[in-house]
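Heads up, the thing below is written out as structure tokens.
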Amino acid sequence: MPPSHLHAPLLAWYAASSRDLPWRAADRTPWGVLVSEVMLQQTPVDRVLPVWLEWMRRWPTPAALAAEPPGEVVRAWGRLGYPRRALRLHEAAQACVLRFGGEVPHEPEQLRSLPGVGDYTSAALESFAFGRRAVVLDTNVRRVLARLLTGSEHPRPTINAAERALAASVLPDLDREAALWSVAVMELGALVCTAASPSCGACPVSATCTWVALGKPAYDGPERPVQKFAGTDRQVRGRLMAVLREAHAPVPKPALDAVWDDAVQRERALDGLVADGLAEPLANGRYRLPGVGGTIDA
DNA sequence: GAGACGTGGGG
DNA sequence: TCCCCAAGTCT
């Protein structure tokens with residue numbers, strides 16, 4: 001249970017300053033929360049918002065999404081990035097239909113069995129969709145608790161048992177309060193206690209923040225991993241997928257070859273997309289998003 | 001447990 | 001321009 005000097009001001013701040021996001025609305029559904037959580041894995045809210053609205057309009061239930069060919073789902077995913085998430089969401093929808101009566105399940109182990117649902121997303125669904133107490137530990141919560149409680153500017157590169165226990169120790173005991181606490185801490189991390197330039201002057205709990213009390217010391221923990229992108233297979237895959245998404249007929253190989261000069265890397269990337277189920281090779285040497293179109297171009 | 005996996009905005 | 005960053009998951 002968080003001490004009241006943290007709990008009360010944070011909840012007051014959340015009531016006054018949180019964003020009105022549709023997946024938090026009173027009429028939200030577990031399915032809508034699941035879609036939002038998967039889309040928000042590594043993608044900012046502003047970019048997710050329009051895509052989420054369109055998805056919920058087209059596919060308001062797991063069954064609606066499950067009935068689509070995977071390629072159509074990948075196309076609607078657009079430029080959110082990491083399109084394998086779209087495939088996993090499609091598979092998760094099918095699992096809901098086949099195994100859970102068309103509903104998003106509410107038991108943690110059932111949630112964890114869904115493709116694309118890991119520790120974080122499972123806890124987020126427990127908490128935000130079903131109103132149950134769960135330790136929600138995403139990058140925002142980790143950063144806020146690191147600063148507030150341990151005085152470190154950033155959390156360690158990987159979650160360990162001690163960090164999870166600390167998060168659990170400040171989580172309210174009751175379901176409703178726990179869910180509210182988690183979403184409020186997340187929101188504080190997203191809007192105020194940001195990674196690069198926190199607005200401590202606007203923070204409702206800066207008076208009791210350990211990191212502030214220590215004079216905001218620079219991070220001195222283990223090296224934090226940096227991701228390369230330019231020149232990687234990931235960049236090539238992205239370009240290939242952009243061509244396939246925008247095409248509404250099977251794509252001739254030369255159109256794919258045009259996106260990258262290095263043939264070895266290009267073929268490796270394309271093979272990877274096929275292996276992942278993101279691209280479908282046709283008999284005539286053309287490619288398309290999996291299952292779309294129906295007609296086999298001759 | 002390290003590395004793979006997209007995309008685009010901001011400093 | 002370059003680098004960091006954004007509600008992680010999977011292998």
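A, B, ... follow the sequence lines: proteins, then strands. Residue 1 opens every chain. Every heavy atom of this structure was used, including side-chain atoms; hydrogens, water molecules and symmetry mates were not. Computed from a predicted structure; not experimentally measured.
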Handout entry: Audit row: Glu91(A), Arg84(A), salt bridge (charged side-chain N to carboxylate O under 4.0 Å, His left out) steps and yes/no
Key = CA-CA 11 Å; Glu91(A) 291 167 19; Arg84(A) 293 189 299 188; over 6 Å; no

Exercise for the section: Please figure out whether Ser197(A) or Gly81(A) has its closest DNA chain B nucleotide nearer the 5' end. Expected result: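 That would be Gly81(A).
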
Practice task
Starting from the 5' end of DNA chain B, give me the residue, Thr158(A) or Gly238(A), whose nearest nucleotide shows up first.
Solution key: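 Looking at DNA chain B, the more 5' nearest nucleotide goes with Thr158(A).
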
Problem - Candidates dA7(C), dG6(B), dT9(C) - which lies nearest the side chain of Tyr82(A) - result: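 Minimum distance to the Tyr82(A) side chain belongs to dG6(B).
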
Exercise for the section: Decide whether Val33(A) and Val97(A) are clustered together by the hydrophobic rule: side chain heavy atoms of Ile, Leu, Val, Met, Phe, Trp, Tyr closer than 4.5 Å, transitively. Expected result: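 No, no single cluster joins them.
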
Handout entry: Spacing of the P atoms in dA2(B) and dA7(C) (rounded, Å)
Key =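 These two P atoms come out 22 Å apart once rounded.
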
Problem - Atom P, compared across dT9(C) and dG8(B): separation rounded to whole Å - result: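 It works out to 23 Å between them.
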
Practice task
For Arg142(A), answer base if it contacts any base atom (sugar-phosphate contacts may also be present), sugar-phosphate if it contacts only those atoms, and nothing otherwise; contact means non-hydrogen atoms under 4.0 Å.
Solution key: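 Since no nucleic acid heavy atom lies under 4.0 Å of Arg142(A), the category is nothing.
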
Exercise for the section: Describe the nucleic acid contact of Ala124(A) in one word from base, sugar-phosphate, nothing, applying a heavy-atom distance below 4.0 Å. Expected result: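 No contact.
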
Exercise for the section: Identify, between Arg112(A) and Val226(A), the residue whose nearest nucleotide on DNA chain C lies closer to the 5' end. Expected result: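 Its nearest nucleotide being more 5', the pick is Val226(A).
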
Checking only heavy atoms, does the side chain of [X] share a donor-acceptor pair with the base of [N] at less than 3.5 Å?
{"X": "Gln227(A)", "N": "dC5(B)", "result": "yes"}
{"X": "Arg84(A)", "N": "dT9(C)", "result": "no"}
{"X": "Thr43(A)", "N": "dG8(B)", "result": "no"}

Exercise for the section: Check the distance between dA7(C)'s C1' and Asp119(A)'s CG and give it to me in whole angstrom. Expected result: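 Going from Asp119(A) (CG) to dA7(C) (C1'), I get 14 Å.
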
Handout entry: Donor-acceptor pair between Glu37(A) and Tyr120(A) side chains, under 3.5 angstrom
Key =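 Judged by distance alone, the side chains do pair up.
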
